[in-house]
A.B. asks: 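Please find one structure pasted underneath; my questions will follow.
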Amino acid sequence: MQTERTRGRWTLVTLIATASFINYLDRGSLAVALPVISKDLHLDPIAQGAALSAFFWTYTAMQIPMGRIVDRYNIKIVYALSFLIWSLAAAATGLATGLWTLIVARVLLGIGESVYLPGGLKVVSLHFTSEETAWPAGLFDLGTKLGLALGTAIDVWLLVRYGWRSLFFRTGLLGLLWLIPWLLFYPSRRPAAADSPRVEWRALFKSRALLGICVGFFCWDYFWYFLINWLPTYLNTVRHMSMPKIALFGGLPYLIFAASEALGGWTASALMRRGYGLSVVTKGYVTAGFLLGLLIIPAVIVDSVTASISFLFAASLAGIGLGSLISFPKICAKESEVALWVGIMNASGNLGGVIAPLVTGVVVQRTGSYVPAFLTVSVVLVGGVVAYTLIVPPLGEATRLETPPTTITDSSAAAPLPR
């Protein structure tokens with residue numbers, strides 16, 4: 001039978017999973033609407049790439065500061081304020097009149113959404129051990145895939161029915177409703193001062209484990225954001241799909257990502273409960289995910305639309321390794337630095353988010369083909385396998401000594417978790 005504390009920690013995971021869904025619904029709306037926006041605002045492929053990339057300028061720059069803020073201050077308030085900023089910025093995208101106003105809205109969205117991964121994984125870290133982490137981490141993060149999958153259908157429906165400006169107004173402002181359960185159910189306590197000791201920055205950046213995590217996550221995010229930002233346009237311009245078909249075939253890969261991420265996280269945790277090694281299981285699942293992603297190569301080469309879509313669906317099984325992949329900071333970092341490690345990891349990873357849209361836009365415009373862009377992604381995926389298997393040491397050697405998961409407390413009493 002589940003205890004109150006066990007039920008409570010899964011309530012928190014559900015809350016951050018829902019926030020992740022909204023995060024990616026708002027983040028992915030521009031990619032879905034871009035074929036229409038680009039005609040309305042007269043944006044060429046390079047301008048489109050700049051608009052898609054702008055989000056990552058501030059999102060990436062804020063990762064390390066946000067990680068430290070989450071480690072030091074009341075995550076309930078930090079997350080709520082960040083959520084408010086990103087929702088208003090998402091709605092403001094509908095006011096864009098040209099490239100620069102579009103960029104301003106995306107820059108503000110990046111600032112608000114920078115809390116998503118450091119904040120979410122900090123919540124997981126506080127309530128689960130390293131061996132347990134892959135499942136709740138995968139569960140909270142699969143909200144991002146559902147946000148893209150269902151969000152693609154929602155966005156296309158709103159786009160066709162109401163136009164792109166109304167799309168952003170509706171999705172941005174309605175998301176604010178999430179703040180109600182967050183403020184009601186999340187414990188109000190903040191970590192004690194002793195939980196946030198001084199960071200040894202020199203030692204931190206000499207860490208081989210952190211280096212491998214950062215390189216590997218850069219490779220993953222290059223692949224991930226390439227799909228998010230360019231898949232709808234690719235399906236529209238190369239495979240000649242209508243918007244209703246994009247809603248279906250552009251959204252299904254993310255449902256497959258979500259299902260495989262949940263399956264991978266659950267089975268990885270189950271294997272470790274049965275005695276399989278933390279390092280073997282975690283690195284094995286991550287490697288499998290990267291190798292499955294290489295199926296994008298035949299997806300772009302084949303002539304048949306059906307075959308191409310089938311390969312894209314198969315490549316989406318790469319999500320099987322994602323729960324394990326985002327567990328690395330929990331496994332390797334001190335408890336007081338988990339969010340900071342996540343911030344550093346995500347800052348490095350999201351350089352791929354900055355680079356991939358720009359590189360793809362330039363390559364497509366200069367070559368007139370998506371094949372070189374897809375092949376570039378494949379090379380990057382191989383680099384990710386090298387980073388996680390060879391640069392990151394065996395996890396038993398790279399990690400801190402395991403300490404029991406804590407709950408958010410102050411110096412006097414433990415805060416009750418929601419039932």
Side-chain angles (χ1 to χ4, degrees), residues 24 28 31-32 52 138 141-142 144-153 216-239 241 245-265 267-268 284-326 349 352-353 355-357 359-360 363-364 369-389:
Y24 268 69
V32 173
L52 291 169
D141 189 62
L142 75 84
T144 64
K145 315 310 179 293
L146 294 176
L148 287 168
L150 302 179
T152 299
F217 205 63
F218 169 88
C219 296
W220 174 265
D221 269 3
Y222 191 101
F223 164 64
W224 177 238
Y225 287 117
F226 168 79
L227 293 179
I228 290 175
N229 288 310
W230 284 101
L231 182 59
T233 302
Y234 169 76
L235 294 176
N236 179 256
T237 59
V238 177
R239 299 300 179 179
M241 287 190 176
K245 286 187 176 180
I246 290 174
L248 175 62
F249 295 109
L252 278 176
Y254 303 121
L255 284 178
I256 297 171
F257 261 109
S260 59
E261 181 174 4
L263 177 64
T267 54
Y285 271 79
V286 169
T287 299
F290 275 95
L291 294 180
L292 285 166
L294 292 174
L295 291 172
I296 63 169
I297 298 175
V300 73
I301 292 175
V302 296
D303 293 327
S304 167
V305 174
T306 300
S308 177
I309 294 298
S310 298
F311 279 118
L312 285 173
F313 288 170
S316 301
L317 292 170
I320 197 169
L322 192 51
S324 295
L325 187 151
I326 62 176
I355 294 170
V359 169
T360 302
V363 169
V364 170
S369 171
Y370 278 83
V371 174
F374 274 72
L375 293 177
T376 300
V377 175
S378 302
V379 173
V380 173
L381 284 170
V382 173
V385 174
V386 173
Y388 281 110
T389 58

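Residues: numbered from 1 along the sequence shown. All of these numbers come straight from a predicted model, not from anything done at the bench. The basis for the numbers below is simple: all heavy atoms, side chains too, and nothing from hydrogens, waters or symmetry mates.
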A.B. asks: Among residues at least two apart in sequence or on other chains, which ones pass side chain to side chain contact (heavy atoms under 4.5 Å, CB included) with Ile256?
C.D. replies: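 For Ile256 the side chain to side chain contact (heavy atoms under 4.5 Å, CB included) partners, ignoring immediate neighbours, are Phe313, Ser316, Leu317.
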A.B. asks: Which donor-acceptor pairs under 3.5 Å do side chains of residues 286-295 form with protein atoms, sequence neighbours excluded?
C.D. replies:
from: Thr287; atom 1: OG1; to: Lys283; atom 2: O; distance (Å): 2.9

A.B. asks: Compare all side-chain heavy atoms of Leu231 with those of Leu312 and state whether any distance is below 4.5 angstrom.
C.D. replies: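 Contact flag for Leu231/Leu312 side chains = yes.
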A.B. asks: Do Thr267 and Tyr285 have side-chain heavy atoms sitting under 4.5 Å apart?
C.D. replies: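 Result yes, sub-4.5 Å side-chain heavy-atom pair found.
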A.B. asks: What's the spacing between Ile296 CD1 and Ile301 CD1 if we round to 0.5 Å?
C.D. replies: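 Separation between the atoms: 10.0 Å.
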A.B. asks: Suppose we screen for salt bridge (Lys or Arg N to Asp or Glu O under 4.0 Å). Which residues come up paired with Asp141, at least two apart in sequence or across chains?
C.D. replies: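 Here the qualifying residues are Lys145.
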A.B. asks: Cut-off 3.5 Å, no hydrogens considered: what does the side-chain donor-acceptor table look like for residues 303-310, sequence neighbours left out?
C.D. replies:
from: Ser304; atom 1: OG; to: Thr306; atom 2: N; distance (Å): 3.3
from: Ser304; atom 1: OG; to: Ala307; atom 2: N; distance (Å): 3.2
from: Ser308; atom 1: OG; to: Arg239; atom 2: NE; distance (Å): 3.4
from: Ser308; atom 1: OG; to: Arg239; atom 2: NH2; distance (Å): 3.4
from: Ser308; atom 1: OG; to: Ala299; atom 2: O; distance (Å): 2.6
from: Ser310; atom 1: OG; to: Thr306; atom 2: O; distance (Å): 2.9

A.B. asks: Going by side chain to side chain contact (heavy atoms under 4.5 Å, CB included), name the residues that satisfy it together with Leu227, two or more places apart in sequence or in a different chain.
C.D. replies: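 Leu227 satisfies side chain to side chain contact (heavy atoms under 4.5 Å, CB included) with Phe223, Tyr254, Phe257 only.
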A.B. asks: Check the pair Val385, Val382 against side-chain contact (heavy atoms from CB on, under 4.5 Å), reporting the backbone distance first and the verdict last.
C.D. replies: CA-CA 5 Å; Val385 174; Val382 173; 5.5 Å; no
A.B. asks: Please find the pair of heavy atoms, one from Ser324 and one from Ala268, that lie closest to each other, and give the distance.
C.D. replies: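 So the minimum-distance heavy-atom pair works out to OG-CB, 3.8 Å.
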A.B. asks: Check Phe311 against Pro298 and note the closest heavy-atom contact, atom names and distance.
C.D. replies: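 Where Phe311 meets Pro298 most closely, the heavy atoms are CD2-CG, 3.6 Å.
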A.B. asks: Would you tabulate the side-chain donor-acceptor contacts of residues 369-381 under 3.5 Å, counting partners in other chains and residues two or more places apart, or write 'none'?
C.D. replies:
from: Ser369; atom 1: OG; to: Val371; atom 2: N; distance (Å): 3.0
from: Thr376; atom 1: OG1; to: Pro372; atom 2: O; distance (Å): 2.8
from: Ser378; atom 1: OG; to: Phe374; atom 2: O; distance (Å): 3.1

A.B. asks: Are any of the side-chain heavy atoms of Val363 and Thr360 separated by less than 4.5 Å?
C.D. replies: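 They are not in side-chain contact.
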A.B. asks: For Tyr24, check side chain to side chain donor-acceptor pair (under 3.5 Å) against everything at least two apart and list the hits.
C.D. replies: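 Result, side chain to side chain donor-acceptor pair (under 3.5 Å) vs Tyr24: Arg27, Trp224, Tyr225.
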A.B. asks: For the residue pair Val359 and Phe226, establish whether any side-chain heavy-atom pair is separated by less than 4.5 Å.
C.D. replies: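 No, every pair of side-chain atoms sits at 4.5 Å or beyond.
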